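Everything numeric in this text was worked out from a predicted model, so none of it was measured. Quick note: residue numbers are just sequence positions, from 1.
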Amino acid sequence: MDPVVSLFALLQRLIQYPPPVGDALDEETRWRMEARAKYLEWEMLRLEQEVEQLSQKKMPHLQLLAVAVLLALVLVLWIIGWKSSPRREQNEEENHGANEEEVGNVAGNEDDSDGNDVVNGAALAENNNDSDVENVVQEEDNDIDDRVGQDIMERIQWPAQDLQRGCGWVTDLMDNYTFYFAHVLSYSFYPVLHRAIGVGSAFEGWSPREQDVVYRVLVPMTPPRGHSFHLELDSARQRHVRNFRVRVQLECTCTGQQLGENMLCFLHHPEEELRSNQEPSLLDTLCTDSYLDVQKTARWFRQLVKTMWPAFPQSHNWHLTLLPSARSCQFKVTNGEESFRIETLFGVRRGDSAVFVSSQPREAYTLSTIWRESYAVAEAEFFKYIARQAPPDSLHLKCLQFFSCLVRGLSFTTYTMKTIVMHLLIAMPASSWRRGHLRERLTDIRDSLHICLQQKFLEHFIVGNRAFTQDINLPPDVKVGRTSNLFRHLAQRPAAHAQAMRDFRLLHKRFKRIALGEDN
């Protein structure tokens, strides 16, 4: 093990958690101290991960030092052995006679060995019995924890929904649209639309909605021929949110024969010839002041969805209803028995990463040329990563779904609970989310929310998170960027913080009644 990590582990063993609170203290005090202990444990796990990452960077120097120390130790031992060899030969000659006398005592020792074997066998059997008892006790404890988890699962009324089937149906529908997009738009100068990516709670497997689940997808866009996209950070807006503009620039196609013989160069052909023989450029259709317009893009996509629907096989048995939306395309598909509500967002990928600038707004009013930085695809990839690491019976999605339902009617958003659970997923081993640990994990989520509310600080999960998995590609400025505080509004508005603390007390009562089976 790395020396730095070993030192850190030693310090961790020396940390003493707060002692148990006596009955003389009220429940609120005991609860706060337990929450503080959970917070220290959570911070210790996070710091340990940072130390491991730091040690990996220093590993070559430490390995070189360890090899040097080892060689020096071998040299010292060899010198000591060389000097002691003549003395050892002299001792062997002196002890030769004594060894001959010891040979005569072997027979007597063999007689005693039978009795020793009996004693050793009895001791070994006793040790085996102790080990068996410990194993039985451990199995009984696991059974008790598993029964407690089963009782909690039975007390919770889970939403009756088949998310996997719904996601499959929506994916097939959007794949049909992608195929027709490629055919209809192949010779146009509108954005190139790629295969939709499932994002959000439904595709992550934890949607809290009982009915009318929203299946959210993001459609990546790339520039058409003769155009290029350039992302510009909008620094004039609030600095705690990252907004971008997508500047559209015309590119010379005079020498680009692979783009098509009949295409005219937007830069070097006369405007009159372009208007007469070629469709307008993207700058003339979906842009405002050379920037891609979100609302124009949404209206254009909405018209595509409506126009192409009759050509789909689903149109024979399903009915399409377009829903109002300014920055996305929302529609519902029903057949009298089932319905699927779909929200389509549009995004431009940042390089080859899992981060996009998307059409989804953050504030109540957002300019039509503003595209917010979105981590929805990276978060969906994170849940897939956790699914590959977690055991088949992991209940981390059930924990998230439970708290998403528990915060209904309160001032906490489902994204708040999602962020807390993602932090815990990366701080704890995947094996600790099984049914036998269900009560502990639910308590950890509740206590983490309480601590974040007290501190008025909830760290963003993606931006600046050094512990985030390296398997998911992020832009460099997102990896090392300054993290944002999702509870920033609580720090700025005392009234909002007071309301959040009142809502948490209500959540705590619900939690005790449902998860712990305690009467308020």
> Which pair of non-hydrogen atoms, one from R434 and one from P391, has the smallest distance, and what is that distance?
Replying inline: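 Closest approach of R434 to P391: NH2-CB, 3.3 Å.
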> Which heavy atom of L400 sits nearest a heavy atom of S404, and at what distance?
Replying inline: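 Looking at all heavy atoms of both residues, the shortest contact is O-OG, 2.8 Å.
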Between [X] and [Y], ring centroids under 6.0 Å:
{"X": "F181", "Y": "F301", "answer": "yes"}
{"X": "F340", "Y": "W318", "answer": "yes"}
{"X": "F461", "Y": "F382", "answer": "yes"}

> Within a reach of under 6.0 Å around CD of Q389, are more than 12 heavy atoms found that belong to other residues, nucleotides or ligands?
Replying inline: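 More than 12 heavy atoms, drawn from other residues, nucleotides or ligands, come within 6.0 Å of this atom.
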> Do R466 side-chain atoms and G464 backbone N/O form a donor-acceptor pair below 3.5 Å?
Replying inline: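 Flag set: sc R466 to bb G464 pair under 3.5 Å.
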> Should the ring pair F511 and H508 be called parallel, tilted or perpendicular, given that the plane angle runs from 0 to 90° and is split at 30 and 60?
Replying inline: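 Answer is parallel, since the angle falls under 30°.
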>> Below 30° counts as parallel, above 60° as perpendicular, anything between as tilted: where do the rings of H460 and Y415 land?
In response: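 Plane angle between 30° and 60°, so tilted.
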>> What verdict does the side chain to side chain donor-acceptor pair (under 3.5 Å) test give for T419 and T416, after you've listed the backbone C-alpha separation in whole Å, the side-chain angles of each residue and the deciding distance to 0.1 Å?
In response: CA-CA 5 Å; T419 301; T416 293; over 6 Å; no
> Heavy atoms, side chains only, cut-off 4.5 Å: are R482 and V463 in contact?
Replying inline: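 SC-SC contact between R482 and V463 ruled out.
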> V199 and side-chain contact (heavy atoms from CB on, under 4.5 Å): which partner among E381, R216, E343?
Replying inline: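 Only one of E381, R216, E343 forms a side-chain contact (heavy atoms from CB on, under 4.5 Å) with V199, namely R216.
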> Do R388 and D471 sit within salt-bridge range, that is, some charged N less than 4.0 Å from a carboxylate O?
Replying inline: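 Looking at R388 and D471, the cut-off is not met.
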